[in-house]
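Report on the following structure.
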2 protein chains.
Amino acid sequence: MTPQAPHPHGHHHPPPPGPASLRSRGRRLTRQRELVWEALTATPDTHLSAEQIAAYVHQHAPSVSATTIYRSLDVLVTEGLVLRTELGADRSFYEPAHEHRHHHVVCRDCGKVTHLHDDLLGELPARVNAASGYVLGTEEITLFGHCPACREP
Amino acid sequence: MTPQAPHPHGHHHPPPPGPASLRSRGRRLTRQRELVWEALTATPDTHLSAEQIAAYVHQHAPSVSATTIYRSLDVLVTEGLVLRTELGADRSFYEPAHEHRHHHVVCRDCGKVTHLHDDLLGELPARVNAASGYVLGTEEITLFGHCPACREP
DNA sequence: CTCTCTATCGCCAGTGAATTGCGTTAGGCT
DNA sequence: AGCCTAACGCAATTCACTGGCGATAGAGAG
C-alpha cells in the first residue's frame, strides 16, 4: 500500500530516512505524519510553510486538522527528520533534513530561496569564535539579498 | 526642559543623531517618539523588544498606547534612526542605528546577544555572489551559537 | 502669540500564525 | 483480540502586530 515501499526482504541501505524511523524512536507512525513527510519530499529542494503542507495533506486526507500538521512538524523536527528554517518572514518553513549542512539566501524582491553549501562560510566560525568566544551551532544561516533575475533592468 | 539639550547657539557636531532629525525629514517630533528613542539609548549596546520599550515609555508616560510604540518604531526604522533586528525569536528587537554595520551572535542558551564587526564576514559576500549570483543586501546577519559562559562545566 | 492644517495619537477591533485543553480515536505491543 | 496511551480533531486561546476612526497636538503661516 505504501507508495515507496522498499525491498520486501532487502537489507541494503543502512539508515532508511523517512517517517518509518519514528517507530524505532518510540513514536507512532500515523497516516498524518506520513502525509506531512510526503508533502515535504514530493518536490526536491523546496521550502514549504505549514500552510502549504496542510494544503498538500488535505488533497489526500481532507479531515486532517491544522493542529495535527503543526504537531507532526514539531515531532519530525524534534526527531531530526525535518529542518525548520526561519526565512525572515513571519512564518516558518520546513524541508527534509538533508545529508549535508547548508544555508540559505533569500531574495528580498521575489522571495526565491537558494541553497548555499556550508563550505562557503570558510573560516567564519573560527573568526566568530576568536572575536566573541561564541561557538557557532549547527543551525543554518539565512542571508538576504537580491537574486540575479530581480536585478535585471 | 529636554535633558540632553544641545548648545543653545552652538554649531559644532555636523549630523546630530536622535529623533530631532525627524523634523528636518518632514516628520513631527513628538514626546512619544522621544521616549521611544530614550528607551533605546538609555543603555548602550542593548537590543530591546517592543514590549520592553513600551515598559520604559510607560514609566514616563503611562498613557502611551502600544500601537504608538509600534508606529513610532516603524517611523524611526524608516528614517534610518533605528535598526530592526530579527534575533530568531518570534518578535523583533530594536537598537539605535549605529555608525558601522555589524552583525549578531545570539546564545541559544541564555539569549545573550553580541555584536560582530562587519569585517568578520571577509569574502563571504563575494563567495555568495560567485556561487549563487545573489548580491547580498546591507541587512545584518544573525548567527546562533553558545556563549563562553554557557559552555562552562 | 494665535490660527489652521493635518500628522499623530489613543482606543479598540481585527489578523494570522501557532498553541493549548479536552474528549475521542487508533497505533502497536502483549 | 484487547489494552494502554500516544496522537488526533475541534474549538477556543494566545501573542505580536496592524488597521480604522475620531480626537489631539506638532509646527509653519499670519
Side-chain angles (χ1 to χ4, degrees), chain A residues 1-2 18-39 47-58 60-79 81-82 84-94 111, chain B residues 1-2 18-39 47-58 60-79 81-82 84-94 111:
Chain A
M1 265 329 184
T2 17
S21 66
L22 286 177
R23 246 175 326 223
S24 61
R25 289 166 152 280
R27 320 208 74 137
R28 293 181 185 173
L29 208 206
T30 65
R31 178 78 185 128
Q32 290 88 334
R33 290 175 182 175
E34 286 183 320
L35 284 171
V36 168
W37 177 259
E38 229 182 277
H47 309 77
L48 300 176
S49 65
E51 193 184 356
Q52 292 174 303
I53 294 169
Y56 178 97
V57 171
H58 284 163
H60 300 255
S63 65
V64 174
S65 76
T67 305
T68 296
I69 304 288
Y70 284 111
R71 282 195 283 229
S72 297
L73 286 169
D74 280 346
V75 169
L76 292 172
V77 168
T78 301
E79 298 302 340
L81 294 172
V82 169
R84 187 194 313 264
T85 69
E86 307 289 347
L87 261 29
D90 55 346
R91 44 160 155 311
S92 295
F93 289 82
Y94 300 86
Chain B
M1 265 327 184
T2 18
S21 65
L22 285 177
R23 245 173 329 221
S24 61
R25 290 166 154 280
R27 320 208 75 138
R28 293 182 184 171
L29 208 205
T30 65
R31 177 78 185 127
Q32 290 89 333
R33 291 175 182 175
E34 285 184 320
L35 284 170
V36 168
W37 177 260
E38 229 181 278
H47 308 77
L48 300 177
S49 65
E51 193 184 356
Q52 293 174 303
I53 293 168
Y56 178 96
V57 171
H58 284 163
H60 301 254
S63 66
V64 174
S65 77
T67 306
T68 296
I69 304 287
Y70 284 109
R71 283 195 282 230
S72 297
L73 286 169
D74 281 345
V75 169
L76 292 172
V77 168
T78 301
E79 298 303 339
L81 295 173
V82 169
R84 187 194 312 265
T85 68
E86 307 289 348
L87 261 29
D90 55 346
R91 34 148 135 350
S92 296
F93 288 82
Y94 301 86

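As the structure is a prediction and not an experimental result, all values here were calculated from the model. Every chain is numbered from 1 and lettered A, B, ... according to where its sequence line falls, protein lines coming before strand lines.
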Is a donor-acceptor pair below 3.5 Å formed from side chain [X] to base [N], judging by atom type as modelled?
{"X": "B:R71", "N": "D:dT18", "answer": "no"}
{"X": "B:R27", "N": "C:dT8", "answer": "no"}
{"X": "B:R28", "N": "D:dA27", "answer": "no"}

Nucleotide of [options] approaching [X] most closely (side-chain heavy atoms):
{"X": "B:E51", "options": "C:dC22, C:dG10, D:dA16", "value": "D:dA16"}
{"X": "A:R91", "options": "C:dA17, D:dT18, D:dA27", "value": "C:dA17"}
{"X": "A:T67", "options": "D:dA11, C:dC9, C:dT8", "value": "D:dA11"}
{"X": "A:R23", "options": "D:dA7, C:dG10, C:dG28", "value": "C:dG28"}
{"X": "A:Y70", "options": "C:dG10, C:dT19, C:dC9", "value": "C:dT19"}

With a 4.0 Å cut-off on heavy atoms, is [X] in touch with a base, just the backbone sugar-phosphate, or nothing at all?
{"X": "B:V75", "answer": "nothing"}
{"X": "B:S49", "answer": "nothing"}
{"X": "A:S92", "answer": "sugar-phosphate"}

### Query
Considering heavy-atom distances to DNA chain C, does B:S65 or A:L29 have its closest nucleotide positioned more toward the 5' end?
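Nearest nucleotide further toward 5': that of B:S65.
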Can you measure from [atom1] ([X]) to [atom2] ([Y]) and round to the nearest 0.5 angstrom?
{"X": "B:R91", "Y": "B:E51", "atom1": "CZ", "atom2": "CD", "answer": "5.5 Å"}
{"X": "A:L76", "Y": "A:I53", "atom1": "CG", "atom2": "CD1", "answer": "9.0 Å"}
{"X": "A:F93", "Y": "A:R84", "atom1": "CZ", "atom2": "CZ", "answer": "13.0 Å"}
{"X": "A:D74", "Y": "A:T68", "atom1": "CG", "atom2": "OG1", "answer": "11.5 Å"}

[atom1] of [X] versus [atom2] of [N]: gap in Å, rounded?
{"X": "A:R25", "N": "C:dG28", "atom1": "CZ", "atom2": "C1'", "answer": "18 Å"}
{"X": "A:R33", "N": "D:dC8", "atom1": "CZ", "atom2": "P", "answer": "5 Å"}
{"X": "A:R84", "N": "C:dA17", "atom1": "CZ", "atom2": "P", "answer": "15 Å"}
{"X": "B:D74", "N": "D:dC17", "atom1": "CG", "atom2": "P", "answer": "10 Å"}
{"X": "A:I69", "N": "D:dC10", "atom1": "CD1", "atom2": "P", "answer": "12 Å"}

### Query
D:dA7 phosphate, OP1 or OP2: any side-chain N/O from A:T30 under 4.0 angstrom?
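For D:dA7, OP1/OP2 do not have a side-chain N/O of A:T30 under 4.0 Å.
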### Query
Can you find a side chain N or O atom of A:Q32 that sits less than 4.0 Å from OP1 or OP2 on C:dG27?
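For A:Q32, the contact criterion (side-chain N or O under 4.0 Å from OP1 or OP2 of C:dG27) is not met.
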### Message
With a 3.5 Å distance limit and no angle check, can you tell me whether A:R33 reaches the backbone of A:R28 through a side-chain donor-acceptor pair?
### Response
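Answer holds: yes.
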